[in-house]
Amino acid sequence: MRIADEVARVFTEQTEAFSMSSGFRRLETGAAAREHYESLLANLFITHNPSPKVMAFLYAIAPPAGADMIKHNLMEEMGLEAGEASHPELLRRALVAAGFNSRRMEELEVKSMARIRGLACDPLLYGTLMEMGLAVLLEASAFEWMLSRLAERMGHMLGRHMEMRCDHLAWFYHHGEVDIRHAQEALQVIEAYCAFYGIGEADLKNILEITFRENIFHRQYLGQGGVVHAHG
Amino acid sequence: MRMVKLTCFALNIPFMEAFTHSTKSRAYSDSIVVKLESEDGCTGFGEGVPRPYVTGESVETCLEALSGRFWQQLQGKEWPTWSEDPGLLDRLADLLDGPADPAWNAGEPATRGRKGDEPVRAWNAARCALELALLDGLLRKAGKSAGDLLPPLRKSVPYSGVIAASSAEKAGKTARHLGAFGIRTLKIKTGGREEAEVVAAVRLAAGPDASLRIDANGAYSPEEAATRLAKLALYGIACAEQPIARGEPGVLAELRKASPIPLMADESLVTLADGKALVAAEACDFFNLRLSKCGGFGPCLALANLARSAGVRMQLGCQVGETGILSAAGRHLAAHLDELVWVEGSFGTLLLREDVTRAKVQFGHGGMAPVLRGPGLGVEVDEELLRRYAVAIVEREF
């Protein structure tokens with residue numbers, strides 16, 4: 001088993017299953033109600049608002065061969081790479097443009113930080129940071145992989161069905177611009193991580209199965225934290 | 001402070017994956033969470049998980065009992081208050097088990113559930129939910145933890161993993177996943193055609209040092225049970241839970257003599273009378289105590305006392321699909337009863353897609369979980385999630 005191939009296979013499966021799910025299709029075709037688009041936006045915010053913190057954690061445990069790329073992603077997330085707004089700020093602007101008021105934004109902020117709180121407070125299932133770090137790296141890379149393929153489509157669907165302007169959807173078009181090769185570089189980081197920490201194929205496969213035992217995109221974007229049950 | 005409102009939430013929380021054993025396959029939780037309120041704002045939460053094949057209670061009959069006979073008995077009464085004396089659970093028992101309706105007793109025709117259900121042996125899931133809600137509320141009011149009632153005798157609780165897989169391949173995979181979490185004590189659901197292959201796959205994946213036990217949920221006939229247990233004993237099994245269906249304790253006692261594996265009573269052990277009959281017949285090596293099955297802390301402690309005096313060892317089991325509320329109660333009991341050989345539960349979001357408590361009540365690496373210290377049962381309940389996952393909400397006010 002080549003690690004990059006196996007991980008790419010899982011990422012592809014997850015991405016295709018999400019894009020072909022009835023929930024995503026209903027959103028894309030306009031069959032969903034406005035509240036479902038709002039819920040998608042809310043879930044996106046809850047999922048990605050803590051991304052700079054997640055990247056910082058990954059940078060802290062990055063293997064030497066992958067540290068530069070994670071650092072580059074971290075700087076991008078924080079808006080320090082090209083003088084742009086931070087990615088959480090881009091998302092925040094999208095939600096405000098969609099009509100989220102300050103009270104609702106505050107609620108979402110609290111919910112998104114609850115994930116970080118959980119990461120710090122919940123008992124750890126894995127025995128070492130090495131294993132937990134791999135699970136987090138796999139999940140973060142999977143989102144990057146998926147967004148490089150679907151973010152523009154999500155931006156289009158929100159533009160069309162929520163009547164949002166292009167400049168409000170910068171987060172989506174930014175992620176869509178990340179080319180597929182860029183997303184594939186994440187696979188090299190995963191390989192470097194496994195090599196640096198001496199993680200064997202069997203252990204990687206185990207953690208892959210555990211991390212992706214359900215569709216993480218569906219879970220995060222459509223499944224919880226909001227009212228989207230667009231598959232119904 | 002008088003009890004003035006009861007709300008029962010019948011939940012339907014999807015599982016991460018279906019949980020299968022010899023008698024049932026479940027894809028979602030079917031707990032009942034009870035919220036009890038006083039006129040001055042005191043609130044307590046409790047939980048019960050009705051199982052028709054265990055106590056005879058179904059979700060429907062349990063809701064009827066909670067909002068009917070139980071609420072008639074509780075409404076308008078004073079909520080007991082905290083005291084250091086050891087009789088607090090007895091005072092709750094006076095409220096819950098009072099003589100208002102003699103038909104509550106096991107075997108009475110009036111206690112039968114809906115058509116097709118088993119007769120109700122005891123309203124233990126309902127009782128458990130209310131006992132926990134009463135305790136949670138009164139402890140919160142006093143700024144106390146359930147640990148003040150049941151002082152912990154250990155700092156952390158070690159949980160077992162449970163494997164309920166229909167194929168050897170899936171069982172081996174689950175064992176590997178649990179191994180990644182450092183869990184070396186496993187219970188395997190058996191009773192299917194491939195049970196030997198399933199157990200073999202788990203042994204292979206978990207390694208020779210893992211502690212394995214099996215649970216047939218009463219799937220074996222008395223005639224075949226000894227033979228099937230002998231086959232599984234080859235894989236090094238520490239205990240066999242409920243190999244044959246609940247019945248005369250003497251039949252289980254006969255099997256115990258022939259079995260190469262020590263036996264545990266689960267479905268056979270619902271009431272204190274069951275426990276006494278099992279002890280008298282010398283029918284088992286272990287009792288499986290479960291809060292919802294046995295009716296809450298009070299009855300579980302009574303069974304634990306019986307087991308201790310009879311030299312029967314104990315496990316604290318759980319209910320598949322229980323939320324963090326019942327898991328928290330289980331954590332307190334497990335911390336208090338340090339002689340428990342095995343403890344199950346606290347699966348949290350390893351099984352449930354989402355839990356209703358704000359902080360996870362889930363075990364960590366090695367199955368270890370800390371003693372809970374917060375007020376009441378030690379968990380905060382997210383009522384928004386209760387409402388989201390409720391398929392029925394029944395309210396009664398005084």
Side-chain angles (χ1 to χ4, degrees), chain A residues 10 23 35 39 42-43 46 104 107-108 110-111 113-135 138 197 199-229 231-232, chain B residues 12-18 27 156-159 161 169-170 172-184 205-207 324 327 331 346-372 374 379-380 382 384-385 387-389:
Chain A
V10 174
E35 71 188 60
S39 192
N43 288 337
I46 292 167
R104 199 151 173 220
E107 285 173 4
L108 293 177
V110 169
K111 280 188 176 175
M113 283 304 127
R115 295 186 66 222
I116 297 295
R117 193 176 187 284
L119 204 61
C121 299
D122 294 341
L124 296 178
L125 280 166
Y126 292 111
T128 64
L129 268 186
M130 170 192 80
E131 293 157 302
M132 196 187 85
L134 177 58
L138 287 168
Y197 288 112
I199 296 171
E201 283 181 8
D203 288 337
L204 170 75
K205 193 163 182 279
N206 228 7
I207 293 175
L208 262 176
E209 285 172 357
I210 293 167
T211 307
F212 299 104
R213 65 188 178 135
E214 62 174 338
N215 192 290
I216 59 168
F217 311 130
H218 199 283
R219 179 190 71 203
Q220 291 299 126
Y221 288 175
L222 307 183
Q224 62 176 207
V227 293
V228 167
H229 295 290
H231 51 287
Chain B
N12 190 328
I13 306 176
F15 287 172
M16 295 292 288
E17 50 194 307
S156 55
V157 175
Y159 287 91
E169 187 192 349
K170 283 185 183 169
K173 189 169 151 181
T174 307
R176 283 199 312 279
H177 293 174
L178 291 168
F181 299 152
I183 295 173
R184 312 285 303 140
S327 290
R331 182 80 54 81
S346 284
F347 292 105
T349 50
L350 284 174
L351 182 61
L352 299 176
R353 196 163 289 277
E354 206 165 9
D355 206 341
V356 299
T357 52
R358 291 189 200 280
K360 277 188 180 178
V361 190
Q362 189 175 300
F363 57 72
H365 189 72
M368 300 305 290
V371 170
L372 299 172
V379 290
E380 296 298 326
D382 187 333
E384 185 189 323
L385 287 179
R387 292 189 183 277
R388 186 188 306 167
Y389 286 111

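Naming convention: chains lettered A, B, ... in sequence-line order (proteins, then strands); numbering from 1 in each chain.
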Notebook entry, point to check: Does atom CZ of A:R117 have more than 12 heavy-atom neighbours from other groups under 6.0 Å away?
Noted result: no
Margin query: Quick check on A:L125 against chain B: is it the side chain, the backbone, both or neither that has a heavy atom closer than 4.5 Å?
Written below: both
Checklist line | Pairing residues for B:R176 by the salt bridge (Lys or Arg N to Asp or Glu O under 4.0 Å) criterion, not counting sequence neighbours | finding: A:E209
Check: Using non-hydrogen atoms only, which part of B:T349 is less than 4.5 Å away from chain A: side chain, backbone, both, or neither?
Finding: backbone
Next item on the list: Under the salt bridge (charged side-chain N to carboxylate O under 4.0 Å, His left out) rule, what do A:E107 and A:K111 come out as? Steps first, then yes or no, please.
Entry: CA-CA 6 Å; A:E107 285 173 4; A:K111 280 188 176 175; over 6 Å; no
Next item on the list: Without swapping roles, check the side chain of A:E214 against the backbone of B:M16 for a donor-acceptor pair under 3.5 Å.
Entry: no
Notebook entry, point to check: Relative to chain B, which segment of A:N206 carries a heavy atom at a distance below 4.5 Å: side chain, backbone, both, or neither?
Noted result: both
Next item on the list: Using non-hydrogen atoms and a 4.5 Å limit, figure out which bit of B:L385 sits close to chain A: side chain, backbone, both or neither.
Entry: neither
